[in-house]
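Contents: one structure, followed by commentary.
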Amino acid sequence: MLKDLINIERIELSARMFKIYFVKKYVSRTAADETFVIDNPAVLLMKSGSFKVQLKKINQDLKAHDLLVLPKNTSFTGIEAGSRLQFFLITFSSGINGHGFSFNQNDLFSSGSGNEAVKISLDENDYMVLSLICRLLYAEISGSLANEFEVKLQQISLNLLLFEMNLITVKYLSAGGMNFSRSESLASQFLTVLSIHCRKHHTVKFYAGVMYLSPEHLSKMVKDVTGKAAKKIITEAVVSEAVGLLENPHLTMAEIAEELEFSSVASFSIFFRKSMFCTPSEYRKNTIERFKSR
């Protein structure tokens, strides 16, 4: 992980076996010629802007939609952050295996790379799916792990992230020998379609139709893999899109409601409040106040 991560302006959410950060403003405090080593595996998913790092004397220029897979003991020298830099960063604890996770992170972080850091430039669809999973996982662990059910749900969600990363590894690095069940493949396809259409389509029936499945069958397959109902994942995706739009102060509530295919501002407000326990206007006001207080 980046040495000065604790000093950047960020939103941080922690869990027992991993940490996920959504970095909205990066302020580097590491000297350009300073070398440091990450203690545990990590992945960095670029949302926007540019980021230059040097890994074992090899320069990596990261841009929007790039994925950087970082095995344990990766060394960094030199960091240069471009304008409008935003990214997700997930770090994994050394004890993640053996805690209910079905994918072995050691295989993931060495597949096709010989334990070397790997940059993958994702296509639009793969980026949207991985970004959606990151946003859902980020939103899900905002609270503390109060009981065994929440811990298990977190395990399922992280499995989904690792599953999607394994698919990306197979696709971009030509790693073979990985078999996925029909349920896993359908869940991945569902997330792909959802990432493209979630602003305009909010029903299980729509996604089932696109995939030539019955709503009941799609719901069962998604539930088997993710531990969540398809409807809940759709709702979380729409809320995530709404949050992003609300953070743009130039958009009116009417414009956001229209963009998300709600019939009125009132219906959008009711939908948003059920998930976020505040109105869209209250969320926007609180977000502005948080930024002012930094």
Side-chain angles (χ1 to χ4, degrees), residues 2 4-16 18-29 44-49 64 81 83-91 128 130-147 150 153-154 157-158 161 194-195 198-200 202 228-229 231-294:
L2 307 179
D4 58 348
L5 183 59
I6 61 172
N7 297 319
I8 63 178
E9 195 172 321
R10 70 184 186 277
I11 302 170
E12 176 182 341
L13 301 174
S14 299
R16 294 179 182 176
F18 69 99
K19 290 184 179 180
I20 180 168
Y21 306 84
F22 179 32
V23 178
K24 293 189 175 183
K25 183 178 180 181
Y26 186 87
V27 181
S28 177
R29 294 182 173 87
L44 187 154
L45 178 64
M46 293 284 292
K47 179 182 179 183
S48 62
S83 61
R84 302 187 303 278
L85 174 61
Q86 293 189 3
F87 59 86
F88 286 98
L89 180 67
I90 305 175
T91 63
M128 291 176 70
L130 196 56
S131 174
L132 175 62
I133 295 173
C134 286
R135 284 184 282 131
L136 294 177
L137 186 62
Y138 177 81
E140 181 180 293
I141 65 170
S142 57
S144 60
L145 301 177
N147 54 52
E150 290 177 355
L153 185 59
Q154 182 188 110
S157 298
L158 190 53
L161 173 69
L194 177 63
S195 67
C198 63
R199 286 194 178 190
K200 303 298 183 183
H202 308 165
K228 292 183 182 181
K231 181 60 178 176
K232 179 173 177 58
I233 293 179
I234 293 169
T235 297
E236 289 177 345
V238 177
V239 169
S240 179
E241 292 294 325
V243 165
L245 293 171
L246 286 167
E247 291 178 355
N248 181 348
H250 302 295
L251 293 175
T252 67
M253 291 299 165
E255 289 171 333
I256 293 173
E258 182 179 1
E259 176 64 22
L260 296 175
E261 290 292 320
F262 286 94
S263 59
S264 65
V265 172
S267 61
F268 167 55
S269 183
I270 292 170
F271 167 84
F272 190 86
R273 187 163 191 164
K274 284 182 179 179
S275 294
M276 300 296 287
F277 305 105
C278 64
T279 66
S281 296
E282 289 169 342
Y283 178 87
R284 172 173 275 177
K285 180 181 178 181
N286 292 337
T287 299
I288 294 173
E289 291 301 321
R290 285 200 303 270
F291 277 107
K292 283 182 178 179
S293 65
R294 291 181 178 179

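Every value quoted in this text rests on a predicted model; they were computed, and no experiment measured them.
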Determine whether a donor-acceptor pair (N or O, by modelled atom type, separation under 3.5 Å) exists between the side chain of [X] and the backbone of [Y].
X: S48; Y: R84; result: yes
X: K231; Y: H202; result: yes
X: R284; Y: T279; result: no

For a 4.5 angstrom cut-off between non-hydrogen side-chain atoms, does [X] reach [Y]?
X: L251; Y: E259; value: no
X: M253; Y: S281; value: yes
X: T235; Y: K274; value: no
X: L85; Y: V23; value: no
X: L132; Y: S240; value: no
X: E247; Y: Y283; value: yes
X: F271; Y: L260; value: no

What do you reckon, is CD of Q86 surrounded by more than 12 foreign heavy atoms closer than 6.0 Å?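 Counting other residues, nucleotides and ligands, CD of Q86 exceeds 12 neighbours.
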Interatomic spacing from [atom1] in [X] to [atom2] in [Y] - rounded to 0.5 Å:
X: E241; Y: K200; atom1: CD; atom2: NZ; answer: 10.5 Å
X: E261; Y: S267; atom1: CD; atom2: OG; answer: 11.0 Å
X: I20; Y: L161; atom1: CD1; atom2: CG; answer: 7.5 Å

Considering all heavy atoms, the nearest [X]-[Y] contact:
X: V238; Y: C198; result: CG2-O, 3.4 Å
X: S264; Y: A257; result: O-CB, 3.9 Å
X: S131; Y: F88; result: OG-CE1, 4.1 Å

Considering only NZ, NE, NH1 and NH2 on the basic side and carboxylate oxygens on the acidic side, decide whether R135 and E236 come within less than 4.0 Å.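 A salt bridge is absent here (no side-chain N lies under 4.0 Å from a carboxylate O).
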Using the six-membered ring wherever Trp is involved, compare the ring planes of F268 and F262 and label them parallel, tilted or perpendicular (cut-offs 30° and 60°).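 Because their plane-to-plane angle lies in the 30° to 60° range, the rings of F268 and F262 count as tilted.
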